[in-house]
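Side-chain atoms are counted along with the backbone in the values below, which use heavy atoms only and exclude waters and symmetry mates. The structure presented is a predicted model; accordingly, all values stated were derived computationally and were not measured. Naming convention: chains lettered A, B, ... in sequence-line order (proteins, then strands); numbering from 1 in each chain.
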Number of protein chains: 2
Amino acid sequence: MKRTILIFSALIIALFSLMQLGKYVLVQNSSSAEWIIAGIAVAFFFIGILINRKSQQKETLKAGKASSSQLRELGLSKREYEVLIHLSEGHSNKEIADLLFVTESTIKTHVSNILLKLDARRRTEAIAKARELDLLVR
Amino acid sequence: MKRTILIFSALIIALFSLMQLGKYVLVQNSSSAEWIIAGIAVAFFFIGILINRKSQQKETLKAGKASSSQLRELGLSKREYEVLIHLSEGHSNKEIADLLFVTESTIKTHVSNILLKLDARRRTEAIAKARELDLLVR
DNA sequence: AGATTACTCATACTAAAGTACCAAATCTTA
DNA sequence: TAAGATTTGGTACTTTAGTATGAGTAATCT
């Protein structure tokens with residue numbers, strides 16, 4: 001939502017910049033107006049794509065959705081975030097252990113740390129909070 | 001992401017529609033070109049907002065999100081759905097029991113039934129599946 | 001009215017999850 | 001390279017979660 005607003009703002013600014021160019025071209029040849037507007041449309045399109053791609057690179061860390069700055073703020077490590085994602089997918093500790101090729105004991109440690117850092121008492125609460133913080137996809 | 005693409009497509013279409021109007025106005029008075037482009041920009045903006053709002057309205061249905069037909073298909077009762085929502089909020093069985101003024105035993109029964117009906121082995125998996133089925137808000 | 005479904009609750013288990021410590025190896029970074 | 005953070009793993013223990021089974025009550029449908 002916030003991203004969408006940003007994109008629109010940027011597009012509006014781009015449009016008004018193009019207006020300055022368009023204005024002078026128009027007084028020379030008003031019959032080519034439709035081409036200028038088409039040009040603006042194309043510019044709009046590519047600027048939108050560019051901004052979108054840029055913000056995605058910055059915000060999307062691998063599979064998940066959290067930005068690295070967001071994770072740093074919470075104190076969540078890369079591995080812990082990985083476990084958190086598997087948690088949200090409904091896996092048991094054993095299953096996550098198998099997925100990440102470590103022991104269940106290790107996952108328990110990770111989960112405990114996640115609960116501490118997210119101030120949750122249960123894995124389900126951790127998932128809810130992570131979703132609230134916009135750390136998870138979907 | 002898909003929504004963003006949709007918005008852009010709609011905007012491009014809107015722009016080319018406005019082109020038709022703009023073309024005829026321009027041949028009459030080419031000095032007003034800048035106002036026409038400004039109009040297009042404003043139109044863009046409001047169309048974007050409208051589309052965004054519409055897609056939001058479609059996604060957010062009431063407090064819960066599931067349609068009663070969807071619940072009937074899954075065999076989930078009203079009460080079970082209620083428990084499911086509290087589950088997704090990260091509450092323990094005891095907490096849900098207190099929220100609904102019943103015993104923990106009752107909640108255990110409900111949860112067991114929910115797991116059966118959603119074909120899940122853990123409450124976290126039930127939450128994930130419920131989200132997949134679009135039964136939950138957010 | 002009788003059958004069905006939903007909701008409630010209990011007991012007795014088993015299985016997961018979570019806590020508290022401790023400790024070693026590896027990565028990062030100032 | 002030394003210090004700190006990360007990742008991994010273990011033991012022992014407590015707490016939740018989940019299963020199985022039975023059963024009573026109320027509401028709904030035929």
Check whether the side chains of B/Thr103 and B/Thr106 place a donor and an acceptor atom closer than 3.5 Å, and report yes or no.
-> yes
side-chain N/O B/Ser92 vs D/dT16 OP1/OP2, d < 4.0 Å = no
Give a yes/no on whether any side-chain N or O of A/Arg79 is located under 4.0 angstrom from OP1 or OP2 of D/dT8.
-> yes
Below 4.0 Å: OP1/OP2 of D/dA17 and any side-chain N or O of B/Arg123 | yes
Distance below 4.0 Å between B/Thr103 side-chain N/O and C/dA10 OP1 or OP2 = yes
Below 4.0 angstrom from OP1 or OP2 of C/dC9, is there any side-chain N or O of B/Thr106?
-> yes
Any B/Ser112 side-chain nitrogen or oxygen under 4.0 Å from OP1 or OP2 of D/dT19 | yes
Does B/Arg122 put a side-chain nitrogen or oxygen below 4.0 Å from OP1 or OP2 of D/dG18?
-> no
Interatomic distance, A/Asn93 CG vs D/dA17 P [rounded to whole Å] = 14 Å
From the list D/dT19, C/dT19, D/dT7, which nucleotide is the closest neighbour of the side chain of B/Lys108?
-> D/dT19
Has the side chain of A/Ser105 got a donor or acceptor atom sitting under 3.5 Å from an opposite partner on the base of D/dG10?
-> yes
Does the side chain of B/His110 get closer than 4.0 angstrom to OP1 or OP2 of C/dC7 through an N or O atom?
-> no
